[in-house]
Amino acid sequence: MKNLQTLKSISVDTWIKTNPEGLVNLRELHIKSRFEKENEFTFDSIAKLKTLQILRVEFPSCTIHSLQPLSNCENLVELTLSVALEKLPEEMPAYLPNLEYLELTNCKLNDDPMPTLEKLPNLTVLYFAEESYCFRKLVCSKGGFRRLEILVILGKYFEELQVAEGAMPELRSFLGTYLIIPERLKKLPLPAEWEYGDAYQHEI
């Protein structure tokens with residue numbers, strides 16, 4: 001399997017039995033499960049995938065306690081997590097300095113993640129999906145998200161997005177639902193995948 005570059009829809013149970021050290025050319029990995037026990041998966045095995053560029057983990061019943069092992073994946077540019085995180089580590093920008101795309105679903109975050117996420121130096125796309133949070137307000141500070149181009153915030157539990165002057169200077173597309181937002185964001189077009197749909201609005 002040394003030549004394998006893409007591995008999709010592998011179950012957690014199967015992944016745990018796999019020797020990742022043999023996957024020396026793996027660039028894209030999707031792990032998906034809804035049934036395994038929550039203590040059976042960590043990112044320790046992912047840390048051995050030195051060539052990994054895209055990682056998607058869908059394991060809603062699992063609680064992840066550390067993202068630190070991902071710091072070994074220096075080529076990782078796209079990360080999708082559907083796991084319980086509760087809190088993002090402050091060191092995340094140091095762990096994932098090359099990350100360009102981040103999608104969070106079912107993460108059940110207890111605190112505003114923006115003070116951490118806005119420091120990711122190369123992040124261009126940020127996507128919050130349903131049940132990724134347990135709080136009401138997102139706050140972006142001056143100078144934050146300096147390269148962010150696309151921001152999507154879905155769900156009815158957020159109440160407000162505050163964006164300081166000088167934050168998100170490169171933002172060109174925005175989608176938010178049930179959300180109070182700054183006037184500047186209301187003028188932005190929707191991301192391309194929602195451009196012709198009428199299911200969502202910037203503010204409801």
Side-chain angles (χ1 to χ4, degrees), residues 1 4 6-23 26-50 52-73 76-96 99-117 120 123 125-138 151-159 175-179 193 199-200:
M1 296 176 66
L4 188 67
T6 301
L7 183 57
K8 294 185 178 182
S9 298
I10 185 172
S11 71
V12 172
D13 184 56
T14 301
W15 176 254
I16 290 173
K17 300 174 184 177
T18 300
N19 177 17
E21 294 180 352
L23 303 172
L26 193 67
R27 289 170 170 76
E28 184 172 356
L29 173 63
H30 297 197
I31 301 175
K32 187 173 183 178
S33 182
R34 296 183 180 275
F35 306 107
E36 282 82 4
K37 296 179 181 179
E38 64 178 36
N39 62 351
E40 290 185 346
F41 178 79
T42 69
F43 283 130
D44 292 346
S45 58
I46 306 297
K48 300 175 182 179
L49 304 173
K50 305 298 184 181
L52 194 65
Q53 298 176 1
I54 300 172
L55 174 63
R56 185 179 186 95
V57 179
E58 298 179 60
F59 194 178
S61 64
C62 177
T63 299
I64 295 295
H65 298 288
S66 176
L67 297 179
Q68 192 280 329
L70 294 181
S71 64
N72 292 316
C73 302
L76 192 65
V77 295
E78 184 173 324
L79 178 62
T80 298
L81 296 177
S82 179
V83 296
L85 283 170
E86 298 182 355
K87 182 178 177 63
L88 294 180
E90 295 180 3
E91 302 85 0
M92 188 173 178
Y95 295 162
L96 300 167
L99 198 65
E100 299 176 5
Y101 176 101
L102 177 62
E103 181 176 339
L104 300 175
T105 307
N106 297 308
C107 291
K108 301 177 176 62
L109 297 171
N110 293 317
D111 299 312
D112 182 358
M114 293 311 208
T116 296
L117 297 180
L120 286 166
L123 191 68
V125 179
L126 177 58
Y127 184 112
F128 285 105
E130 292 281 359
E131 298 185 21
S132 58
Y133 42 79
C134 299
F135 50 89
R136 299 295 182 181
K137 184 185 296 184
L138 294 168
L151 176 61
V152 176
I153 303 174
L154 303 181
K156 60 184 179 181
Y157 298 105
F158 281 132
E159 292 180 352
L175 171 63
T177 59
Y178 303 95
L179 192 64
E193 57 265 43
Y200 299 104

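The analysis underlying the following values was restricted to heavy atoms, covering all of them including side chains, and did not include hydrogens, waters or symmetry mates.
Side-chain contact between Lys87 and Asn110 is absent, with no heavy-atom pair separated by less than 4.5 Å. At a threshold of 4.5 Å between non-hydrogen side-chain atoms, the residues Leu70 and Tyr95 do not count as touching. Residues Trp15 and Val57 have side chains not in contact (no heavy-atom distance under 4.5 Å, counting atoms from C-beta outward). Counting only heavy atoms from C-beta outward, the side chains of Phe43 and Leu55 approach each other to under 4.5 Å. Residues Ile46 and Cys73 meet the side-chain proximity criterion, which asks for heavy atoms closer than 4.5 Å. With a 4.5 Å cut-off on side-chain heavy atoms, Leu49 and Leu76 do not count as touching.
Atom NZ of Lys48 is separated from atom CG of Asn19 by 7.0 Å, given to the nearest 0.5 angstrom. The structure places OH of Tyr127 at 4.5 Å from CG of Leu154, a figure rounded to the nearest 0.5 Å. The CG atom of Asp44 lies 7.5 Å from the OG atom of Ser66; values are rounded to the nearest 0.5 Å. In this structure, CG on Leu120 lies 10.0 Å from CG on Leu79, to the nearest 0.5 angstrom. Interatomic distance, CZ of Arg27 versus CD of Gln53, reported as 6.0 Å (0.5 Å rounding). Atom CG of residue Leu102 and atom CE of residue Met92 lie 5.0 Å apart, to the nearest 0.5 angstrom.
Of the candidates Leu7, Leu4, Leu52, Ile54, Glu28 forms a side-chain contact (heavy atoms from CB on, under 4.5 Å) with just one, namely Ile54.
Between Leu138 and Pro113, the shortest heavy-atom contact is CD2-CD, 3.8 Å. Closest heavy-atom contact between Ile31 and Ser11: CG2-C, 4.4 Å. Between Val125 and Leu123, the shortest heavy-atom contact is O-CD1, 3.5 Å. For Thr105 against Ala129, the heavy-atom pair with the smallest separation is OG1-CB, 3.3 Å. Glu78 approaches Leu99 most closely through the heavy-atom pair N-CD1, 3.8 Å. Minimum heavy-atom separation, Pro89 to Leu67: CD-CD1, 3.9 Å.
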Review point. Should Lys32 and His30 be marked as a side chain to side chain contact (heavy atoms under 4.5 Å, CB included) after you check the CA-CA gap, both sets of side-chain angles, and the distance that decides it?
Key: CA-CA 6 Å; Lys32 187 173 183 178; His30 297 197; over 6 Å; no

Review point. Step by step, would you call Leu104 with Leu109 a side chain to side chain contact (heavy atoms under 4.5 Å, CB included)?
Key: CA-CA 10 Å; Leu104 300 175; Leu109 297 171; 4.2 Å; yes

Point to revise | Chi angles and distances behind the side chain to side chain contact (heavy atoms under 4.5 Å, CB included) call for Thr18, Leu23 | key: CA-CA 9 Å; Thr18 300; Leu23 303 172; 4.3 Å; yes

